[in-house]
Every structure is written in C-alpha cells, then in structure tokens.
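Single-structure report; data block below.
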Amino acid sequence: MSNVPDKPSIEGIEQRWRERWAADGTYRFDRTKTRDEIYAIDTPPPTVSGTLHIGHCCSFTHTDIVARFWRMRGKEVFYPMGWDDNGLNTERRVQLMLGIACDPSLPYDPDFEPPAAPPKDPIHVSRPNFVELCARITEQLEEAYFELWSTLGLSVDWTQTYTTIGEHARRTSQYGFLRLHEQGHVYRADSPTLWDVDMRTAVAQAELADKEVAGAYHRMRFALATGDRAGEPLYIETTRPELLAACVAVVAHPDDARYQPLFGTEAITPVFNARVPIVAHELADPEKGSGIAMICTFGDTTDVTWWRELSLPVRVIVEKDGRLSSQAPAGLDEAGRGAYGEIAGRTVKQAQRRVVELLREAGCLDGEPRPITHPVKFWENGTKPLEIVTNRQWFIRYPPKEDLLARGRELTWRPDFMRVRYENWVNGLIGDWNITRQRFFGVPFPVWYPVDEDGNAIHDQPILAAADQLPVDPSSDGPDGYEADQRDKPGGFTGDPDVMDTWATSSLTPQIAGHWIDDPDLFERVFPMDLRPQAHEIIRTWLFSTVVRSHFEFDSLPFANAAISGFVFDPDRKKLSKSAGNSPDDPNAVITEFGSDAVRYWAAGGRPGMDVAFDRNQLKVGRRLSIKLLNASKFVLSFGEPDPTAAPSQPLDLALLARLGDVIDEATAAFESYDYTKALERTEPFFWSFCDDYVELVKSRAYGGDASALATLRTTLSTLLRLFAPFLPYVTEEVWSWWQDGSVHQSSWPERAEVAPESAESAAAPHDGFDVFDVAAAVLADIRKAKTAAKKSLRADVERAVVHGPEAQLAALEAARSDVTEAGRVAELVTEPGSPELTVDVLLVD
RNA sequence: GGGCGCGUAGCUCAGCUGGUUAGAGCACCUCCCUUACAAGGAGGGGGUCGGGAGUUCGAGUCUCUCCGCGCCCACCA
C-alpha cells in the first residue's frame with residue numbers, strides 16, 4: 001500500500017496526531033446519546049498549584065486507557081477535564097512564587113506588577129490584586145498541564161473543561177451551599193477550630209497531617225487548694241507550659257486510685273495562680289506523664305473534647321496570629337496577671353521560654369524539661385503546628401455514619417480493599433465538616449448579615465443570595481433590598497468575609513462537569529457517572545466529600561466505580577522529587593526521550609491501587625514495542641492486499657487466529673474489570689510471538705501471495721492495532737492511517753467472532769490439544785537453537801531435520817510442514833513418532 | 001496503638017478457586033549484519049517464592065506467628 005513510509009519512525013508523531021485529533025474532533029462528546037449509551041468520567045482536576053511530575057502522567061494515563069477502551073467498546077465517553085486552582089494551596093503557591101501577601105485593607109492598585117524575583121519580605125497587596133495574580137499564575141500553570149495532557153494523548157474532550165475557581169464552578173458551589181442551607185444540612189457556629197497561624201485560616205480535619213517534632217515534658221508543681229490535702233503539691237507534666245495561663249482544669253482517669261480522692265477539689269496553677277477544678281474523664285491516660293493532665297483552652301483536640309464534655313469555662317490565650325492575647329485571661333490573681341504581662345503579645349514559642357523561666361524562678365519546675373519527640377498536628381502543607389482558636393464557622397452536618405458506610409458498600413472499589421480507607425475515615429469522623437476558610441482566593445459564601453443600629457453584624461439572621469444572582473461576591477455585591485452605600489453601616493448589611501474550603505467546591509465535580517445547574521439535560525445524560533479515578537490519599541477528602549454531597553442532593557452515589565491509583569516512586573523506592581524542570585522525572589523530558597506511547601506503556605504496568613516504580617527500563621521496553629509495531633506493520637502490509645474473498649484456511653493460520661481469539665476474550669474481560677494491565681500482558685506476548693514465529697513461518701507463503709496467509713496477517717494486524725490502541729494511541733493511529741480509513745480510536749473493539757469463527761477453531765486444534773502453531777513454532781525454535789549453537793546464521797541451510805515426538809504433535813506439524821521447512825531452510829524434514837517429548841535432530845549443511 | 005497493602009531471579013513484575021521440572025521483560029553471557037526492524041534477531045546461565053510452624057497425598061498459592069517496607073487511621077498531657 002502506498003501510504004506505508006519507507007522508514008517509519010515514532011519521532012514527532014505526538015504533535016502530528018494530537019493536532020489531527022483536535023481538528024477532527026475525534027474525542028468530541030456527542031450529547032445526543034442517552035445515559036445508558038454513555039460512559040462518564042469524573043476526572044480528577046489536578047491541583048495546578050502543584051508541580052508537574054511523572055506521577056501525574058501515570059494515573060491520568062490509567063484513566064485514559066480505560067476511556068479509550070469504553071469508547072471503542074461503543075460507549076460515548078464523557079471525558080471532561082478540570083483544573084483545581086481554588087484554595088489555600090494556590091494562595092500559598094502564589095505567595096511563595098511572587099513574594100506577595102494579601103492585605104484586604106489595602107486599596108486596589110491597577111498598575112501593580114510583582115517584581116521579577118520574589119523579594120525577601122513579602123509585598124502586601126490588596127485582595128483584588130491578590131486574586132488577579134492568583135488567576136494569572138494558575139492560567140500559566142493550566143497551560144502547562146494542557147500541553148502535557150495533550151502530548152500524553154489523553155482523549156479528553158477539550159471543549160468540556162472547567163476550573164474550580166471559574167464562574168461556573170463558583171455558581172455551582174454557591175448554589176450547592178444554598179441547597180444545603182435550604183435542606184438544613186449547614187449551620188453556623190462559634191466553635192473551637194483548628195487554626196493555621198501562618199495562613200491565618202481554619203483547617204478541616206481532612207487536611208490535617210501529623211508531624212513528628214521535638215518537644216519536652218515539663219514537670220510542673222501545682223498546689224492543692226481545697227480538700228484534706230490542701231497545700232500539698234500536685235505534679236503535672238506538659239509539653240506546652242506556655243498554655244499554663246489557659247488552664248481551666250486538671251484531669252485524671254476516673255479509675256486512677258492516685259487521684260480519686262482529689263476529684264471535686266481544686267488546685268492552684270503555678271505562676272498564674274488560677275484555681276482550677278480537679279476532674280475525672282476516661283480520656284485521661286494514667287500511663288502518660290504523671291497520669292494527671294492540665295486542660296487548657298485549647299492545646300489540642302482532646303482539650304476541646306474535655307472542655308465540651310465537662311462544661312468547662314473558656315480561658316483562651318492564643319490569638320489567630322499565633323501570639324498570646326494582650327489581655328490576661330479570667331481567673332488569675334494579681335501576681336498571676338503580672339506574670340501574664342510578661343508573655344502577652346509574644347509568640348507561642350517565646351512565651352514557652354518565658355513561662356519556663358517563671359516556673360523555675362518560682363521553684364515550680366520539678367527537674368529539667370525532658371526532651372521527647374511527639375506527633376503534632378499540622379495543616380498538611382503547613383510549617384507551624386496548628387493552634388486551636390474559637391471562631392464563627394460554617395459547618396456541614398454529616399449524614400449518619402451508617403448511611404455513609406452503606407454508600408461505601410454500594411460503590412465498586414477498584415481495588416476493593418480501598419473501601420477500608422473510606423470506612424476508617426467515616427468511623428473516625430469527629431464533629432462536622434468545617435467549610436469556612438478565612439482566605440481570599442476561594443468561593444465566597446453567598447451570604448450577608450444585617451447590621452444593627454449599633455453597627456454589629458447580626459450573624460444569626462444571614463441574608464442568602466438568590467439563586468439567579470449567583471455567583472456573588474458579598475464583599476463587592478450587595479443583597480437585594482439594600483443599597484450599596486449601606487455596606488457596613490448601622491442599619492445596613494455586611495458581607496460574609498470568608499470563603500469555602502476547597503473541598504466544598506471539589507465535592508461537586510460531577511455537578512460542575514455535568515452542568516447540573518445550567519444544563520439539566522446534559523446532567524441527566526451523565527450523572528451518576530461511571531468512573532471516579534483518583535489517588536488513595538484523597539479518599540478521605542475528595543471521594544468522601546463527593547459522596548456526602550451526592551447523598552444529600554440526589555440520594556445516590558455520584559459514581560458507580562472508584563478506581564484508586566497508587567503512588568509513583570523513583571527507582572530507590574523513595575517518593576519522587578517534586579522539582580520540575582531538569583529533574584530526571586520531568587515528564588516533558590521523559591516524553592521527549594522515550595515518546596508518549598512509551599510513557600503510557602510504563603504507566604499501564606501499574607494496576608489500580610498498586611504503587612508504581614519510575615523505571616527507565618520499562619520506558620525503553622515501551623519505546624521498543626512502539627517501534628516494533630511500526631516495523632512489523634510495515635512488513636505485514638508490504639505483502640499486498642489479499643483478494644477480498646480470501647479467508648484464512650491453512651491450519652497454521654487458523655491456529656494463530658484461534659489463539660488471537662483467546663487474547664481478545666481475555667483482554668476484554670480484563671478491561672471490563674478495570675485490569676488494563678492484564679489486558680496488555682495478554683496482548684503483548686502474543687504480538688511478539690506473532691512477529692518472531694508466525695510471521696517467520698508464513699513469510700514464504702506470504703511472498704507467494706497465498707490468500708490464507710495474507711488474510712490472516714491483515715486480520716491479525718488490524719486486531720492487534722485495536723488491542724494496543726488504548727495503550728499506544730499514537731503508534732497504533734499512525735499504522736492504522738497507512739491502510740485504514742478513519743481513526744483507530746473510533747474503530748470498534750475486536751471480538752472473537754471476527755477473527756476466529758467457530759468452524760475455523762475446530763479446524764485449528766484437531767490434534768489432541770496440540771495446536772499447529774505451537775508445534776510449528778517449537779520445531780522452528782529447535783532448528784534455530786541448532787544454528788545458534790553451531791554459531792551459524794539463521795539463514796544457514798539445514799540438510800535434514802528429524803523430529804521425534806508423540807504422534808499427535810507430529811500430525812500437527814504435518815499440517816504446517818512446508819511453513820516449517822521454508823522458515824527453517826530445511827531440505828528434508830522427517831518425523832519419527834514414538835518419543836514422549838518433542839525433540840529435533842538437526843543436521844546442518846557445512 | 002488499630003487497619004490495609006506489599007515482600008517471587010540483580011531490577012520491574014505475572015503466577016485464577018492449592019497439583020506436572022516456578023514464568024515474562026530488562027540486565028548479564030554467547031552467537032548471528034537474515035532483503036520489516038542492529039534503537040534488530042537467535043540462544044544461554046540465573047530464583048527452593050522474607051523467616052518459622054502448621055493444614056494437606058501435595059503450598060509461591062490456605063492458617064498461625066515473626067521480620068522488613070509502604071500507606072491510611074488514631075485523644076499531641
């Protein structure tokens with residue numbers, strides 16, 4: 001065929017075909033299809049504030065492989081792409097990249113440009129400037145992602161894109177909030193909240209990470225104030241002496257005999273001299289420290305539990321900026337207030353140092369602090385330990401745990417054991433979902449509050465935006481019924497200053513991508529979706545929150561299958577470096593070196609849920625496979641087109657096709673259970689065997705124009721290209737274009753019946769289970785072995801080959817006799833029945 | 001502390017409901033420039049399946065236990 005190049009090459013095929021696919025709309029979604037004809041994917045919107053690395057290529061390739069399979073299988077694939085540019089991570093990224101910080105009190109400067117290099121001290125900019133710069137940075141990053149995804153060959157419909165900060169997402173997110181409010185699932189409360197003092201925002205339970213940090217046990221002497229033992233010392237150990245002034249009680253386990261007599265009496269704190277009750281609670285651990293702990297408002301989440309369950313007073317000293325408040329807390333005597341004056345306004349760290357000195361001076365520090373390391377809660381991307389402050393926050397009330405667990409069981413997890421992560425998380429839920437962030441680059445709450453005559457916001461009478469106003473920014477838009485100049489005035493209104501956490505929006509990705517609020521017809525065609533591909537570390541956030549929102553809004557799962565991908569490690573089993581650019585795992589560099597198909601081949605080796613090692617070997621193998629496909633295809637096509645009426649008839653050909661039929665069945669079954677790796681593992685060895693054995697065996701007939709051979713070669717090639725197409729979209733498309741019309745990616749997935757009709761199968765395996773192909777290939781291999789052992793070329797002539805073996809195998813060999821003698825250059829082939837094993841004696845011509 | 005996963009040739013991995021001498025690719029060694037491909041081809045050596053115990057006629061494959069690695073969760077005094 002004339003379209004076959006003389007020297008086929010994989011260089012540059014990415015650019016050529018991605019342009020062609022874009023021009024042809026090869027992956028365009030046809031929305032006229034109905035739900036049962038559609039395969040819809042809730043694509044993970046990558047965090048564009050992150051850095052591209054080869055790990056991204058891995059999991060996104062997995063999804064694309066699955067998408068391509070279902071498309072060929074006849075489904076209309078809905079494959080959108082989002083960019084997660086919303087939220088705290090983006091802000092942090094932008095602050096670091098540009099060296100800026102947001103100060104909402106500053107006026108907008110339309111001419112502000114950040115310096116080329118980030119300055120040492122951050123430049124303070126207005127909120128509009130800050131948001132603008134966030135948008136600018138994310139756009140640049142999104143472009144880089146788009147380039148990479150396109151080059152990698154993701155069959156995304158690029159007309160179906162969204163960003164989690166874009167207008168459509170904001171509107172959907174705000175509408176979702178209003179719906180929750182309407183249904184009573186959301187409430188506002190003043191509550192102790194985990195707080196990042198650097199970013200100055202609340203952080204949700206789902207965003208926590210423990211870090212092991214150095215600390216020290218300080219053994220402090222309290223004094224008993226009441227009861228029989230008044231005046232005696234009481235020793236309490238703490239890692240946070242700076243919170244001593246916030247101590248509201250001391251607590252021991254109710255069964256702890258050492259402290260039972262003290263319950264109900266009071267103690268006096270050292271230095272600050274506050275009287276605090278001695279209480280009992282089963283969360284107190286007799287094994288830790290001295291077995292009796294001080295309860296502070298608030299040192300950790302256990303303090304919150306104690307404070308809540310024991311109805312203790314509040315004595316907060318840590319402010320939102322991580323410094324101690326200027327006002328001494330209640331309950332201190334005059335000396336105590338004096339002591340507090342020395343730590344007021346200091347950072348937590350400075351305060352700790354000073355409190356220890358004060359303790360020592362007062363003789364209340366028993367011994368020296370004992371250094372330890374212990375786990376401390378951080379925001380997962382933060383650098384300072386979280387503090388707990390009280391603040392007014394919006395919460396989503398979780399559905400009952402039983403309902404959530406039932407949803408988890410209803411969902412098909414791939415692999416199944418990932419369900420446990422979800423169940424662990426659900427079972428460990430504490431409190432409700434705080435969706436409030438005191439940040440700027442996020443979706444604002446569509447809420448205002450009336451301002452009373454004294455100028456105070458009335459927080460329990462929120463004014464909600466109307467659905468048709470959305471999206472609103474309450475800091476610039478006003479509520480219906482008010483004039484703009486009434487903002488922040490007595491009798492006027494004020495906007496809710498906060499934004500929603502990123503998951504409050506990301507939990508709506510099916511609704512955003514499927515256009516729930518503005519295209520119900522589309523939404524009905526794609527929801528609930530078929531597939532949610534995602535990483536396991538965000539089961540507790542993204543997957544969980546999406547299930548919650550769908551449960552509330554639709555009383556259903558948001559998707560039927562969750563395909564959970566593993567991590568990518570570098571060859572030393574360490575996590576991949578995050579540095580982009582010149583690192584060895586920079587995806588663009590890897591693609592340039594090996595080709596997109598090779599990267600996809602490597603990625604395809606990672607089963608759902610399994611960690612994947614970054615392995616240049618596999619990339620090399622993938623590249624080799626791609627090149628082999630080009631060359632083998634060129635060779636097969638070089639024999640010319642068979643007569644249209646030609647059908648495979650020779651036993652060897654029928655045997656090959658029967659085996660191909662098996663491969664189709666296995667690959668199809670594997671794909672249907674999302675085991676794309678197995679599908680590839682079945683196809684690949686068949687292909688190599690086809691090249692090394694079958695093609696060698698039929699060369700002679702093919703050169704002679706034998707119709708059976710030519711038909712078999714072409715049928716097999718067509719089938720192989722389609723079996724490989726989900727994995728190697730470029731090279732298969734390239735070859736397909738040489739001799740077929742249209743795109744291989746729009747062709748149909750092969751079926752056994754096309755290659756191996758029943759009649760042919762029975763003809764192919766007539767020899768007691770020994771098929772002709774196996775035997776012919778085995779004999780050929782023995783002949784090659786003899787030539788190699790004799791250090792001869794494979795073209796060396798064989799004078800005589802004697803094949804010993806069971807009659808059934810020899811009969812199978814007879815069916816392909818001339819193919820074997822031609823391929824092996826055997827002058828005389830003799831069969832000797834009787835041996836239990838197939839062996840070949842080869843006599844070479846000198 | 002609880003849970004999940006993993007531990008098979010130097011490396012990356014297959015080995016289904018237990019059953020003949022444990023497989024593949026890469027790497028390594030030897031050979032072959034053969035008219036699809038030398039960024040190729042043909043062949044070869046190499047593992048007692050993390051350790052131990054058990055069930056069984058028989059275990060890489062089931063049970064228990066220990067060791068190592070990774071991850072998730074957990075109330076940080």
Side-chain angles (χ1 to χ4, degrees), chain A residues 4 6-10 210-213 215 217-218 220 236-240 243 250-252 281-285 287-296 299-306 372-378 385-386 415 417-425 427-428 430 536-537 539-540 566-567 569 571 573 575 602 605-607 609-618 620-621 623-625 627-639 677-678 681-682 684-685 688 691-692 695-696 699 703 780-781 783-796 825:
Chain A
V4 182
D6 286 341
K7 200 82 176 133
S9 158
I10 62 170
D210 281 353
K211 294 189 188 177
E212 198 69 31
V213 299
Y217 272 123
H218 298 75
M220 304 182 298
I236 292 183
E237 297 197 20
T238 182
T239 55
R240 302 206 56 187
L243 293 178
V250 295
V251 62
H281 194 281
E282 56 278 353
L283 282 184
D285 183 352
E287 302 295 317
K288 275 192 184 164
S290 55
I292 186 162
M294 65 171 183
I295 302 175
C296 303
D300 59 34
T301 52
T302 314
D303 279 344
V304 176
T305 307
W306 280 328
I372 54 160
T373 60
H374 59 159
V376 174
K377 286 198 195 312
F378 282 67
L386 294 175
F417 64 76
M418 287 294 179
R419 175 184 286 107
V420 176
R421 309 256 176 136
Y422 174 88
E423 290 176 347
N424 277 351
W425 175 249
N427 286 321
I430 298 166
H536 55 71
E537 75 269 23
I539 289 174
R540 65 172 174 167
F567 279 135
F569 292 98
R573 281 281 156 193
K575 267 194 170 177
W602 159 72
R607 299 183 139 75
M610 299 292 283
D611 291 340
V612 182
F614 179 67
D615 184 355
R616 298 176 76 83
N617 261 338
Q618 291 305 107
K620 218 164 75 184
V621 174
R623 182 178 172 83
R624 207 167 69 104
L625 174 63
I627 294 170
K628 187 77 174 181
L629 257 172
L630 288 179
N631 286 315
S633 301
K634 174 189 156 197
F635 188 53
V636 165
L637 295 173
S638 73
F639 295 119
T677 307
K678 188 173 184 177
E681 279 174 357
R682 292 295 179 273
E684 195 185 356
W688 286 104
C691 292
D692 297 340
V695 171
E696 291 302 323
K699 248 182 195 172
Y703 277 125
L780 181 60
I783 293 169
R784 286 170 179 156
K785 187 190 273 189
K787 292 179 182 178
T788 300
K791 305 194 174 187
K792 297 259 186 172
S793 153
L794 292 183
R795 288 179 71 196
R825 297 184 157 243

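Lettering follows sequence order; numbering is per chain, from 1.
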Among [options], the nucleotide that comes nearest once only the side chain of [X] is considered:
X      : options             : value
A/K785 : B/C73, B/G44, B/C76 : B/G44
A/A613 : B/C71, B/C76, B/C13 : B/C13
A/R607 : B/A14, B/G41, B/C71 : B/A14
A/L283 : B/C13, B/A74, B/C75 : B/C75
A/R421 : B/C76, B/G41, B/C4  : B/C4

With heavy-atom distances below 4.5 Å as the criterion, would you say the side chains of [X] and [Y] are in contact?
X      : Y      : value
A/K787 : A/R795 : no
A/E696 : A/K699 : yes
A/F567 : A/E537 : yes

Could you state the atom-to-atom distance from [atom1] of [X] to [atom2] of [N] in whole Å?
X      : N     : atom1 : atom2 : value
A/L629 : B/A39 : CG    : P     : 19 Å
A/H536 : B/C73 : NE2   : P     : 11 Å
A/M418 : B/C73 : CE    : P     : 12 Å
A/M610 : B/U12 : CE    : C1'   : 11 Å
A/W425 : B/G3  : CH2   : C1'   : 15 Å
A/M294 : B/C76 : CE    : P     : 16 Å
A/K678 : B/G15 : NZ    : P     : 7 Å
A/D285 : B/G1  : CG    : C1'   : 11 Å

Between [X] and [Y], what is the shortest heavy-atom contact and its length?
X      : Y      : result
A/I10  : A/R623 : CD1-NH1, 3.6 Å
A/H374 : A/G215 : NE2-CA, 4.1 Å
A/M418 : A/I539 : O-CD1, 4.0 Å

field: Backbone N/O of A/R540 and side chain of A/W425: donor-acceptor pair under 3.5 Å
entry: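 Side chain of A/W425 to backbone of A/R540, a donor-acceptor pair under 3.5 Å: yes, one is there.
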Expressed as a whole number of Å, how far does the [atom1] atom of [N] sit from that of [M]?
N     : M     : atom1 : result
B/C6  : B/U17 : P     : 12 Å
B/U48 : B/U61 : C1'   : 15 Å
B/C62 : B/G7  : P     : 11 Å
B/G18 : B/C64 : P     : 16 Å
B/C13 : B/C75 : C1'   : 42 Å
B/C4  : B/C76 : C1'   : 24 Å
B/G58 : B/G19 : P     : 15 Å
B/G41 : B/A27 : P     : 11 Å

What is the nucleic acid contact for [X], judged by heavy atoms within less than 4.0 Å: base, sugar-phosphate only, or nothing?
X      : result
A/T238 : sugar-phosphate
A/C691 : base
A/V376 : base
A/R540 : sugar-phosphate
A/D692 : sugar-phosphate
A/W602 : nothing

- prompt: How long is the gap from CZ on A/R825 to CD1 on A/I783, to the nearest 0.5 Å?
  reply: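 Taking CZ in A/R825 and CD1 in A/I783, the distance rounds to 12.5 Å.
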- request: Could you tell me which residues satisfy side chain to side chain contact (heavy atoms under 4.5 Å, CB included) with A/A790, sequence neighbours excluded, listed by chain and number?
  value: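 Side chain to side chain contact (heavy atoms under 4.5 Å, CB included) check on A/A790 returns A/K792, A/L844.
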A/V251: partners by side chain to side chain contact (heavy atoms under 4.5 Å, CB included), with sequence neighbours left out: A/V279, A/H281, A/A284, A/A293, A/I295, A/W306
task: On RNA chain B, check which nucleotide each of A/A781 and A/F417 is closest to and give me the residue with the more 5' one.
output: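 Residue closer to the 5' terminus by nearest nucleotide: A/F417.
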message: If you assign A/K377 and A/K7 each to the RNA chain B nucleotide with the nearest heavy atom, which residue ends up on the more 5' nucleotide?
response: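 With A/K377 and A/K7 compared, the 5'-side residue is A/K7.
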field: Residue pair A/F635, A/L637: steps toward the side-chain contact (heavy atoms from CB on, under 4.5 Å) verdict
entry: CA-CA 5 Å; A/F635 188 53; A/L637 295 173; over 6 Å; no
- line: Read 5' to 3' with Watson-Crick or G-U pairs under 3.5 Å, [ ] for crossing pairs and | for partners on another strand, RNA chain B gives (((((((..((((.....[...)))).(((((.......))))).....(((((..]....))))))))))))....
- request: Apply side-chain contact (heavy atoms from CB on, under 4.5 Å) to A/V612 and A/W602, showing your working.
  value: CA-CA 9 Å; A/V612 182; A/W602 159 72; 3.8 Å; yes
field: Partners passing ring pair (Phe, Tyr, Trp, His ring centres under 6.0 Å) against A/Y703 (at least two apart in sequence or in another chain)
entry: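 Partners of A/Y703 under the ring pair (Phe, Tyr, Trp, His ring centres under 6.0 Å) test: A/F639.
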- request: Assess whether side-chain contact (heavy atoms from CB on, under 4.5 Å) is satisfied between A/R240 and A/D303, documenting all intermediate values.
  value: CA-CA 12 Å; A/R240 302 206 56 187; A/D303 279 344; over 6 Å; no
Tabulate protein N/O versus nucleotide N/O from nucleotides 22-26 of chain B, keeping only pairs under 3.5 Å, one per line.
unit_1	atom_1	unit_2	atom_2	d
B/C26	OP1	A/R624	NH2	2.9
B/C26	O2'	A/N617	OD1	2.5
B/C26	O2'	A/N617	ND2	2.9

Please list each protein N or O that sits under 3.5 Å from an N or O in nucleotides 28-35 of chain B, with the distance.
unit_1	atom_1	unit_2	atom_2	d
B/U35	O4	A/R795	NH2	3.1

